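Heavy atoms only: backbone and side chains are in, while hydrogens, waters and symmetry mates are out. These numbers come from a predicted model, not from an experiment.
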Amino acid sequence: MRLTILGGGGFRVPLVYGALLGDHAEGRVSHVTLYDEDPARLAAMTRVLADLAAAAAVPDAPAVTATRDLDEALRGAAFVFSAIRVGGLDGRAADERVALAEGVLGQETVGAGGVAYGLRTVPVAREIARRIARTAPGAWVINFTNPAGLVTEAMAEELGDRVIGICDSPVGLGRRIARLLGARPDEAWIDYVGLNHLGWVRGLRIGGRDELPRLLADAEALESFEEGRLFGAEWLRSLGAIPNEYLHYYYFNRDTVRAYQEAGQTRGAFLRDQQRGFYAEAGRAGLPAGAALAAWERTRAEREATYMAENREAAGAGERDGSDLESGGYEKVALALMRAIARDERATLILNVRNGSTLSVLDAGAVIEVPCLVDANGAHPMGVEQLPLHAAGLVTAVKAVEREVLAAAASGSRADAVKAFALHPLVDSVAVARRLLDGYAAAHPGLAYLR
């Protein structure tokens, strides 16, 4: 079985390949094709994967090839993993800088930064979806490209339910809560609902009993993990739920913007500089065996330790605890998703899929993030309780913004793009929205289509 990774020179590719190395069942992925437009990144990543395979010492490691030809990469693929970054980390750094100059949030998926990222990514994602439909019509597409929910919805216009979005945030949150409650994560049912980077754990059932109220009643336990320290026990009790960490940008927006403005360097700029160093080192001629993988592991450890540092500073949460450094493992979610479809091994996973009739406040085509039953026919959203008004308000407001991004990307209309910025809950003025679009258009040649 062939897997194609779009954005194959990306930093997180070794996580996916490492998960594949541990899969020895019949029908596993036997060949991985890396597609990327940057030859230097492809060369460096190919070295890291070779080091990974050598370290694993398995005789049946998936073969790896690299190409800059999209159609060549897609031919014969059973699965396509999309993890592209339009504009690269230079683009992310610019997204943050332009927004902060206007006093609003520029995070890559939330606020003005997420709108800007969506405006330049959606046209590319739509073209990729068309190419997949033409060149690999039988392939299943797993989307991790941010903003993941928005991009999945854009690709679904061409691919329907054969594109499924994944994110490790809700999985990591559910695991942390389950362990606090003394349960194995794989034995707990996580009642989670929302949009990508905008969802809430509203219950966690162990043996049929909802144990979340027990956690909410224990202030010490609540503030012993990442999200509890970010939001505080009092606010979590008020909500009666545990929000995804990205909701910190909404609930503590002014505090977070101030922390970002006072930081010596934005997150995007930090990652840009960090990864420049890594790719230069991993691509150096004459590198001994294992050195590229060692450089990647050092870089990844630093990346994880500094994740959402500004939010923790704004919340007074201190350094990340060692127990919080483990992510939800998006590579494990991707592998479980592929197994369930390819082998008809039923699994329950939190995924980004089209709504159907799951949430009454949204139309059938809206992509939402909910628990899904996955089998050979794809991912099927499971029934959930409807959102309380405060959550429904945020979800519908942000979905309206996503729809304006989709409209602007299709029409090239400046008016639609301004509307996308202005309607976002974290942008407080139409005048600011217009200045944001002007700033982003000046920073990104990829937005020249807006007129």
Side-chain angles (χ1 to χ4, degrees), residues 2-21 31-55 61-75 77 80-97 108 117 120-121 123-125 127-128 131 143-146 265-304 306 330-331 443-446:
R2 298 174 67 93
L3 167 67
T4 293
I5 301 179
L6 308 182
F11 186 78
R12 300 181 84 177
V13 167
L15 296 174
V16 178
Y17 189 70
L20 295 175
L21 288 172
H31 189 280
V32 177
T33 300
L34 307 180
Y35 165 79
D36 204 291
E37 295 180 345
D38 188 327
R41 288 167 66 89
L42 271 180
M45 200 47 59
T46 301
R47 279 186 172 182
V48 174
L49 300 195
D51 285 349
L52 263 177
V64 177
T65 57
T67 181
R68 296 169 64 195
D69 183 311
L70 180 57
D71 286 342
E72 177 186 337
L74 293 173
R75 288 190 194 98
V80 177
F81 191 91
S82 179
I84 64 173
R85 180 176 287 280
V86 179
L89 287 171
D90 282 330
R92 177 173 176 177
D95 289 344
E96 294 165 339
R97 185 175 63 251
E108 70 165 337
Y117 193 21
R120 65 177 186 275
T121 302
V124 177
E127 175 56 26
I128 288 173
R131 297 279 282 276
N143 178 60
F144 191 70
T145 297
N146 275 326
Q265 191 178 40
T266 65
R267 178 66 173 174
F270 166 77
L271 292 176
R272 176 197 62 201
D273 296 347
Q274 185 202 47
Q275 291 191 25
R276 278 178 183 166
F278 159 72
Y279 283 104
E281 182 176 353
R284 197 171 66 244
L287 208 62
L293 176 58
W296 178 80
E297 288 175 336
R298 288 195 307 271
T299 307
R300 180 183 172 228
E302 183 184 26
R303 173 191 177 114
E304 292 298 325
T306 56
Y330 87 97
E331 71 282 2
H444 298 303

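At most 12 heavy atoms of other shown residues, nucleotides or ligands fall within 6.0 angstrom of atom CD in Glu37.
Between the side chain of Arg120 and the backbone N or O of Val86 there is at least one donor-acceptor pair closer than 3.5 Å. Counting only distance, with no hydrogens or angles, the side chain of Ser82 and the backbone of Thr145 share no donor-acceptor pair below 3.5 Å.
Atoms CG and CG, on Leu70 and Asp36 in that order, are 11.0 Å from each other to the nearest 0.5 Å. Atom CZ of Arg131 sits about 4.0 Å away from atom CG of Asp71, to the nearest 0.5 Å. Atom CG of Asn143 sits about 9.0 Å away from atom CD1 of Ile128, to the nearest 0.5 Å. Summarising the geometry, atom OG1 belonging to Thr46 is positioned 10.0 Å from atom OH belonging to Tyr17; distances are rounded to the nearest 0.5 Å. Note that CG of Leu42 is 9.5 Å distant from OH of Tyr279, once rounded to the nearest 0.5 Å. Distance check, rounded to the nearest 0.5 Å: CD of Glu302 to OG1 of Thr299 gives 7.0 Å.
The heavy-atom pair separating Ile84 from Val124 by the smallest distance is CD1-CG1, 3.9 Å. Summarising the geometry of Leu20 relative to Pro62, their closest heavy-atom pair is CB-CG, 4.2 Å, with the distance given to 0.1 Å. Contact record, Gly8 with Met45: O-CG, 3.4 Å, taken as the closest heavy-atom pair. Closest non-hydrogen pair, Glu331 versus Leu15, comes out as CG-O, 3.2 Å. The shortest non-hydrogen separation linking Arg47 to Ala292 is CB-CB, 4.0 Å. In plain terms, the two heavy atoms of Pro14 and Val48 that are nearest each other are CG-CG1, 3.7 Å.
In summary, Arg267 and Asp95 do not engage in a salt bridge, as defined by a charged side-chain N under 4.0 Å from a carboxylate O. Ion pairing between a basic and an acidic side chain is recognised when a charged N comes within 4.0 Å of a carboxylate O; Glu281 and Arg298 show such pairing.
Residues Val16 and Leu3 have side chains in contact (heavy-atom distance under 4.5 Å, counting atoms from C-beta outward). Side-chain contact between Tyr35 and Glu72 is absent, with no heavy-atom pair separated by less than 4.5 Å.
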Could you go through His31 and Thr65, starting from their C-alpha distance and side-chain angles, then the distance that decides it, and tell me whether this counts as side-chain contact (heavy atoms from CB on, under 4.5 Å)? CA-CA 8 Å; His31 189 280; Thr65 57; 3.0 Å; yes

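Take Glu108 and apply the salt bridge (charged side-chain N to carboxylate O under 4.0 Å, His left out) test, not counting sequence neighbours, and it matches Arg85, Arg92. The ring-ring contact (aromatic ring centres under 6.0 Å, His included) test applied to Phe81 returns Tyr330, not counting sequence neighbours.
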